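What follows is a set of notes on a single structure, which appears directly below.
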Amino acid sequence: MSNDLASGIATRGALARMTGKDIFARAYAYTLTDDARAMGMYPFFRPLDLNDGPEAVIEGRRVVMFGSNNYLGLTTHPKVREAAIQAVKDYGPSMTGSRLVNGSHRLHHVFEEKLAHFMKKEAALVTTTGYQVNLATISGLLQNKKSVAMIDKQCHASIYDGVRLAQAAGAQMVRFHHNNAADLDRRLEALQPDEGALVCTDGVFSTEGELADLKGMVAATKKHGARIFVDDAHGLGVLGEKGRGTADFLGVHDEVDLIGGTFSKSLASVGGWLVGDRKAIEYIKHNAASFMFAASCPPPQVAAAMAAFEIMQEEPWRMEKVRENARYMRDELRKMGFETGPTETAIVPIYVRQDLTTVAMWKALLEEHNVYVNPFIPPGVPPKSALLRTSYTATHEKSHLDRGLEAFRAVGKQFGIIS
Ligand SMILES: Cc1ncc(COP(=O)(O)O)c(C=O)c1O
């Protein structure tokens, strides 16, 4: 195997050039993952037998789980599970149709009302995934060459894919420097008078746990009469009053035009949500093909998310605890000498910056210490930014955290990342 697993993955461009007439040629020429498997260094698609919150079972091994987004620990909450069970009994596993026609269930509407009320916005939309929120919002709103998607360079893949769909309809993409409101301001300034922009950013950057400078971005957006959309997948339940999210935490909630997110993190389910101006949402839901022609979020998933959403508000200790756990880990890892970047959230990256070492550390943590984390290597992160992404939940006990710290210290020393 090449000594650089990640750059291998990044050779998609080179492989594309090698493709001949057979469209599968590229696939047949692709050996990287099989080579990594043969070396026991393939970290992806590992089947979990059980994921019960702070711990999980993977390939028969019980591990401490520092790789989930179950921030409030609600996947195991009896009320959440009961809600899903009851909904599957009452309504079945699927609506077998799209929201537009036969797939809207009463639960979608009930949850939309609750979401809009809690998020203090006019309207809400429940979708099938968080990914779909970004596809639909961006491609629904930006449909001609005068429309500009103004995106943070390091935003989530689903924002990029939403922009690609919008580009197919003629829209333009402009990327501003990561988390740099001054650069955003300059780029908005450079637009033609008849061009309109939708500024798109993650609220919490999903790999690094870094907060977006929403204050600066909102100011630049308003100054130029643009609109701003925040993907707050990792902010809901973790930041802001009652877990309202990043914009609330940073004091600019009212100024953000559209906020979207997922059920797959704090809300312990699968699905997506969008809140904002009623007319904007009305337009998106009648003009975004990626939403209109996809099956709706199944009732059991909506019911589970809605139960989690209620518990999130009723049990504020969960948000306090997830923050406290993450703060403890961040501080202790920094004291040990690890580079953790500017995170202030439930996500604490451990920068390794060397791709193969990152995967080797991931393997040592799992196999020698029974600790599960997520390795991120390019192209999932920028070059030289390989990291172990660790994330914390409200249900991690101190004993879990200390076991993790012991393992991180041992593996960090073993690989020369800390002294
Ligand atoms: C920032 C961000 N946006 C969107 C998504 C997609 O959400 P979902 O998993 O619900 O499709 C994710 C989840 O991976 C995410 O981290």
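Each ligand, and each atom within it, is numbered from 1 in the order the structure gives. Nothing fancy with the numbering, it's 1 onward along the sequence. Model, not experiment: these values are computed from the prediction.
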Could I get the full list of salt bridge (charged side-chain N to carboxylate O under 4.0 Å, His left out) partners for Glu82, not counting sequence neighbours?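 By the salt bridge (charged side-chain N to carboxylate O under 4.0 Å, His left out) rule, Glu82 matches no residue at all.
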So if I only count non-hydrogen atoms and take anything under 4.0 Å from ligand 1, which residues does that give, chain by chain?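 Within 4.0 Å of ligand 1, the protein residues are Thr129, Gly130, Tyr131, His156, Ser158, Asp202, Ser206, Asp231, Ala233, His234, Thr262, Ser264, Lys265, Gly271.
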Does anything in residues 312-357 form a ring pair (Phe, Tyr, Trp, His ring centres under 6.0 Å)? List the pairs, not counting sequence neighbours.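 Passing the test, one end in residues 312-357: no pairs.
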Once ring pair (Phe, Tyr, Trp, His ring centres under 6.0 Å) is applied, do any residues pair with Phe263, and if so which ones, sequence neighbours excluded?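 So Phe263 forms a ring pair (Phe, Tyr, Trp, His ring centres under 6.0 Å) with Phe111.
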Measure the CD-CG distance between Gln154 and Asp202 for me, rounded to the nearest 0.5 Å.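 The distance works out to 9.5 Å.
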So does Glu112 pair up with Arg99, basic N to acidic O under 4.0 Å?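 Arg99 and Glu112: salt-bridged.
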Could you tell me whether Asp232 and Lys265 have a side-chain N and a carboxylate O separated by less than 4.0 Å?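 No salt bridge links Asp232 with Lys265.
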